[in-house]
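Data block below; observations after.
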Amino acid sequence: TSLNSGNWDVSNVTNLYGTFLNCTSLETIVGLETWDVSGVTTTNRLFSQCPKLKEIDLSTWKLPAVTDAERMFYKCEVLEELNAANWDLRNLSNARNMFKYCYKLQEIKGMGNWKTSNLEVCWDMFALCHALESLEGMENWDMSGAKNLAGMFQECKSITDEDLAATYNWDISNVTD
(Lines give C-alpha, C1' and ligand atoms only; values in the text may rest on other atoms or scores of the structure.)
Protein backbone atom coordinates (compact mmCIF):
# COMPACT_ATOMS: atom_id res chain seq x y z
CA THR A 1 0.00 0.00 0.00
CA SER A 2 1.18 3.51 -0.85
CA LEU A 3 0.08 6.79 0.68
CA ASN A 4 0.48 10.25 -0.84
CA SER A 5 0.82 12.79 1.97
CA GLY A 6 2.20 15.57 -0.24
CA ASN A 7 -0.87 17.78 0.12
CA TRP A 8 -1.01 17.53 3.91
CA ASP A 9 -0.37 20.89 5.60
CA VAL A 10 1.38 20.10 8.88
CA SER A 11 2.99 23.51 9.28
CA ASN A 12 0.95 24.24 12.44
CA VAL A 13 1.23 20.75 13.91
CA THR A 14 3.32 20.31 17.06
CA ASN A 15 2.48 16.68 17.87
CA LEU A 16 2.89 13.89 15.31
CA TYR A 17 2.47 11.15 17.92
CA GLY A 18 1.46 7.88 16.26
CA THR A 19 0.55 9.43 12.89
CA PHE A 20 1.31 6.19 11.02
CA LEU A 21 1.26 3.87 14.05
CA ASN A 22 0.40 0.26 13.17
CA CYS A 23 -0.03 0.91 9.45
CA THR A 24 0.86 -2.72 8.87
CA SER A 25 0.28 -2.70 5.09
CA LEU A 26 1.99 0.62 4.38
CA GLU A 27 5.00 0.18 2.09
CA THR A 28 5.53 3.69 0.71
CA ILE A 29 4.76 7.22 1.85
CA VAL A 30 5.07 9.80 -0.91
CA GLY A 31 5.25 13.52 -0.20
CA LEU A 32 6.89 13.56 3.22
CA GLU A 33 9.62 15.76 1.76
CA THR A 34 7.07 18.59 1.42
CA TRP A 35 6.16 18.66 5.10
CA ASP A 36 7.17 21.66 7.21
CA VAL A 37 7.92 20.02 10.56
CA SER A 38 9.91 22.89 12.04
CA GLY A 39 7.40 23.39 14.88
CA VAL A 40 6.91 19.72 15.76
CA THR A 41 7.90 18.82 19.34
CA THR A 42 7.07 15.10 19.34
CA THR A 43 7.62 12.44 16.71
CA ASN A 44 6.95 9.70 19.26
CA ARG A 45 5.73 6.55 17.45
CA LEU A 46 5.40 8.49 14.17
CA PHE A 47 6.22 5.47 11.96
CA SER A 48 6.09 2.88 14.73
CA GLN A 49 5.11 -0.67 13.80
CA CYS A 50 5.01 -0.14 10.05
CA PRO A 51 6.61 -3.52 9.28
CA LYS A 52 6.51 -3.16 5.47
CA LEU A 53 7.96 0.36 5.21
CA LYS A 54 11.29 -0.13 3.42
CA GLU A 55 12.77 3.32 2.78
CA ILE A 56 12.04 6.84 4.00
CA ASP A 57 13.65 10.02 2.73
CA LEU A 58 13.28 12.67 5.40
CA SER A 59 16.33 14.62 4.24
CA THR A 60 14.37 17.87 3.87
CA TRP A 61 13.08 17.73 7.43
CA LYS A 62 14.48 20.06 10.04
CA LEU A 63 13.39 19.15 13.54
CA PRO A 64 14.72 21.92 15.81
CA ALA A 65 11.76 21.77 18.23
CA VAL A 66 11.59 17.98 18.68
CA THR A 67 12.21 16.84 22.23
CA ASP A 68 10.62 13.36 22.06
CA ALA A 69 11.39 10.82 19.31
CA GLU A 70 10.71 7.70 21.37
CA ARG A 71 9.83 4.71 19.17
CA MET A 72 9.77 6.92 16.06
CA PHE A 73 10.72 3.97 13.81
CA TYR A 74 10.09 1.17 16.33
CA LYS A 75 9.46 -2.19 14.63
CA CYS A 76 9.94 -0.86 11.11
CA GLU A 77 11.27 -4.32 10.49
CA VAL A 78 12.22 -4.03 6.80
CA LEU A 79 13.35 -0.38 6.81
CA GLU A 80 16.76 -0.50 5.13
CA GLU A 81 17.73 3.11 4.66
CA LEU A 82 16.84 6.44 6.20
CA ASN A 83 18.03 9.78 4.89
CA ALA A 84 18.16 12.16 7.84
CA ALA A 85 20.89 14.39 6.44
CA ASN A 86 19.44 17.76 7.49
CA TRP A 87 17.93 16.89 10.82
CA ASP A 88 18.45 19.49 13.52
CA LEU A 89 17.98 17.62 16.79
CA ARG A 90 19.44 20.23 19.13
CA ASN A 91 16.47 19.93 21.54
CA LEU A 92 15.97 16.16 21.40
CA SER A 93 16.11 14.66 24.88
CA ASN A 94 14.32 11.29 24.47
CA ALA A 95 15.40 8.81 21.78
CA ARG A 96 14.37 5.68 23.69
CA ASN A 97 13.71 2.75 21.32
CA MET A 98 13.90 5.16 18.38
CA PHE A 99 15.10 2.50 15.92
CA LYS A 100 14.55 -0.66 18.00
CA TYR A 101 13.61 -3.74 15.95
CA CYS A 102 14.62 -2.14 12.65
CA TYR A 103 16.25 -5.44 11.79
CA LYS A 104 17.25 -4.53 8.23
CA LEU A 105 18.29 -0.91 8.78
CA GLN A 106 21.76 -0.62 7.27
CA GLU A 107 22.38 3.10 7.20
CA ILE A 108 21.12 6.38 8.59
CA LYS A 109 22.46 9.04 6.27
CA GLY A 110 23.54 12.27 7.92
CA MET A 111 23.63 10.92 11.46
CA GLY A 112 27.01 12.55 12.01
CA ASN A 113 25.46 16.00 11.63
CA TRP A 114 23.02 15.57 14.50
CA LYS A 115 23.41 18.00 17.41
CA THR A 116 22.89 15.84 20.49
CA SER A 117 23.91 17.98 23.46
CA ASN A 118 20.42 17.75 25.04
CA LEU A 119 20.02 14.03 24.42
CA GLU A 120 19.41 12.33 27.78
CA VAL A 121 17.75 8.98 27.06
CA CYS A 122 19.12 6.58 24.42
CA TRP A 123 17.82 3.42 26.05
CA ASP A 124 17.73 0.71 23.33
CA MET A 125 17.98 3.44 20.67
CA PHE A 126 19.44 1.05 18.05
CA ALA A 127 18.72 -2.26 19.79
CA LEU A 128 18.21 -5.21 17.44
CA CYS A 129 19.24 -3.25 14.35
CA HIS A 130 20.96 -6.40 13.11
CA ALA A 131 22.02 -4.95 9.74
CA LEU A 132 23.25 -1.54 10.93
CA GLU A 133 26.72 -1.40 9.44
CA SER A 134 28.07 2.00 10.33
CA LEU A 135 28.22 4.50 13.14
CA GLU A 136 30.01 6.96 10.88
CA GLY A 137 29.76 10.47 12.23
CA MET A 138 28.77 9.46 15.75
CA GLU A 139 32.20 10.58 16.91
CA ASN A 140 30.80 14.10 16.47
CA TRP A 141 27.92 13.56 18.88
CA ASP A 142 27.98 15.58 22.11
CA MET A 143 26.77 13.08 24.69
CA SER A 144 27.63 15.16 27.75
CA GLY A 145 23.95 15.42 28.71
CA ALA A 146 23.25 11.69 28.37
CA LYS A 147 21.91 9.91 31.44
CA ASN A 148 20.76 6.55 30.04
CA LEU A 149 22.57 4.59 27.33
CA ALA A 150 21.37 1.14 28.45
CA GLY A 151 21.18 -1.29 25.54
CA MET A 152 21.87 1.44 23.00
CA PHE A 153 23.56 -0.98 20.57
CA GLN A 154 22.20 -4.25 21.95
CA GLU A 155 22.32 -7.04 19.36
CA CYS A 156 23.55 -4.80 16.56
CA LYS A 157 25.21 -7.82 14.99
CA SER A 158 26.86 -6.01 12.06
CA ILE A 159 28.61 -3.39 14.17
CA THR A 160 32.24 -4.19 14.91
CA ASP A 161 34.59 -3.05 17.66
CA GLU A 162 36.11 -0.77 15.05
CA ASP A 163 32.70 0.81 14.42
CA LEU A 164 32.19 1.32 18.15
CA ALA A 165 35.43 3.31 18.24
CA ALA A 166 33.28 6.23 17.04
CA THR A 167 31.81 6.36 20.55
CA TYR A 168 35.06 6.16 22.51
CA ASN A 169 35.55 9.91 22.79
CA TRP A 170 32.05 10.60 24.13
CA ASP A 171 31.79 12.39 27.45
CA ILE A 172 29.50 10.01 29.33
CA SER A 173 30.30 11.31 32.81
CA ASN A 174 26.57 11.91 33.54
CA VAL A 175 25.39 8.45 32.49
CA THR A 176 23.78 6.46 35.30
CA ASP A 177 22.30 3.59 33.21
Side-chain angles (χ1 to χ4, degrees), residues 16-29 32 37 42-59 61 63 66-89 92-116 118-143 145-170 172 175 177:
L16 288 172
Y17 181 99
T19 303
F20 300 104
L21 178 64
N22 283 323
C23 290
T24 56
S25 298
L26 189 60
E27 296 174 12
T28 309
I29 306 172
L32 290 171
V37 292
T42 183
T43 55
N44 189 317
R45 292 172 173 81
L46 178 59
F47 301 102
S48 188
Q49 298 177 41
C50 294
K52 293 184 179 179
L53 200 55
K54 192 170 186 176
E55 184 178 331
I56 307 173
D57 183 355
L58 303 177
S59 61
W61 285 22
L63 300 164
V66 168
T67 58
D68 181 9
E70 183 173 331
R71 295 184 180 204
M72 186 174 178
F73 300 97
Y74 182 81
K75 288 194 175 181
C76 288
E77 297 169 2
V78 298
L79 182 65
E80 293 178 359
E81 184 177 304
L82 173 66
N83 190 334
N86 292 306
W87 286 16
D88 176 351
L89 298 174
L92 180 63
S93 62
N94 181 12
R96 181 179 177 182
N97 298 320
M98 190 172 178
F99 300 99
K100 188 173 185 179
Y101 298 113
C102 291
Y103 299 120
K104 297 193 176 192
L105 184 62
Q106 296 172 14
E107 181 179 12
I108 303 170
K109 291 182 180 174
M111 194 166 52
N113 299 326
W114 295 359
K115 306 295 180 230
T116 56
N118 288 308
L119 192 53
E120 294 181 9
V121 180
C122 297
W123 180 357
D124 285 356
M125 186 175 181
F126 301 100
L128 294 124
C129 290
H130 295 169
L132 189 62
E133 297 173 343
S134 174
L135 302 180
E136 185 177 338
M138 275 191 166
E139 66 273 6
N140 299 323
W141 285 21
D142 176 357
M143 298 298 283
K147 292 180 176 53
N148 187 322
L149 302 179
M152 188 172 180
F153 301 106
Q154 177 186 341
E155 293 191 46
C156 290
K157 296 176 180 182
S158 297
I159 293 176
T160 65
D161 288 341
E162 185 177 307
D163 295 321
L164 283 173
T167 66
Y168 294 169
N169 67 339
W170 286 357
I172 54 171
V175 172
D177 271 328

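For the atom pair CG (L26) and CD (Q49), the distance works out to 13.5 Å, reported to the nearest 0.5 Å. The line from SG of C102 to NE2 of H130 is 11.0 Å long, rounded to the nearest 0.5 Å. The structure places CG of N94 at 9.0 Å from CD of E120, a figure rounded to the nearest 0.5 Å. Between atom CG of residue L46 and atom CG of residue L16 there is a gap of 5.5 Å, rounded to the nearest 0.5 Å. Remark: R71 CZ to R45 CZ distance equals 5.0 Å, nearest 0.5 Å. Here L119 contributes atom CG and K147 contributes atom NZ; the two are 10.5 Å apart, rounded to the nearest 0.5 Å.
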Stepwise side chain to side chain contact (heavy atoms under 4.5 Å, CB included) test for I56 and W61: CA-CA 11 Å; I56 307 173; W61 285 22; over 6 Å; no
Report the C-alpha separation of L92 and W114 in whole Å, then their side-chain angles, then the decisive distance to 0.1 Å, and conclude whether the side chain to side chain contact (heavy atoms under 4.5 Å, CB included) test is met. CA-CA 10 Å; L92 180 63; W114 295 359; over 6 Å; no
Side chain to side chain contact (heavy atoms under 4.5 Å, CB included) assessment of F47 paired with L79: CA-CA 11 Å; F47 301 102; L79 182 65; over 6 Å; no
Working note: D57 + L32, criterion side chain to side chain contact (heavy atoms under 4.5 Å, CB included); need CA distance, chi angles, decisive distance, verdict. CA-CA 8 Å; D57 183 355; L32 290 171; over 6 Å; no
Checking E27 against K54 for the salt bridge (Lys or Arg N to Asp or Glu O under 4.0 Å) test, could you report, in this order, the C-alpha distance in whole Å, the side-chain angles of both residues, the deciding distance, and whether it holds? CA-CA 6 Å; E27 296 174 12; K54 192 170 186 176; over 6 Å; no
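Formation of a donor-acceptor pair under 3.5 Å by the T116 side chain with backbone atoms of D142 is found in this model. In this structure, Q154 contributes its side chain and M152 its backbone to no donor-acceptor pair below 3.5 Å. Using modelled atom types, no side-chain atom of D163 and backbone atom of S134 make a donor-acceptor pair closer than 3.5 Å. Checked by atom type and distance alone, the side chain of S93 pairs as donor or acceptor with a backbone atom of T67 at under 3.5 Å.
For the pair G112 and W141, the tightest heavy-atom approach, listed with the atom from each and the gap, is CA-NE1, 4.4 Å. For the residue pair K100 and D124, the shortest heavy atom distance occurs at NZ-OD2, 2.9 Å. Closest approach of D161 to Y168, counting heavy atoms only: O-OH, 3.5 Å. Closest approach of I159 and L135 over heavy atoms only: CD1-CD2, 3.6 Å. Considering every non-hydrogen atom in both S158 and A131, the closest pair reads OG-CA, 3.7 Å. Nearest heavy-atom pair, M138 versus W170, reported as atom, atom and distance to 0.1 Å: O-NE1, 2.9 Å.
In this structure, the side chains of E80 and E55 stay at 4.5 Å or more apart for every pair of heavy atoms. Looking at L53 and F20, their side chains never come closer than 4.5 Å, going by heavy atoms from C-beta outward. Taking 4.5 Å as the limit, every side-chain heavy atom of W87 sits out of range of all side-chain heavy atoms of V66.
Annotation for W123: atom CH2 does not count as buried by contact number, only 12 or fewer foreign heavy atoms lying within 6.0 Å. By the neighbour-count criterion of 12 heavy atoms within 6.0 Å, atom CD of E136 is sparsely surrounded, having that number or fewer from other residues, nucleotides or ligands.
Checked options Y74, F99, F73; the residue passing with F126 is F99 (criterion: ring-ring contact (aromatic ring centres under 6.0 Å, His included)).
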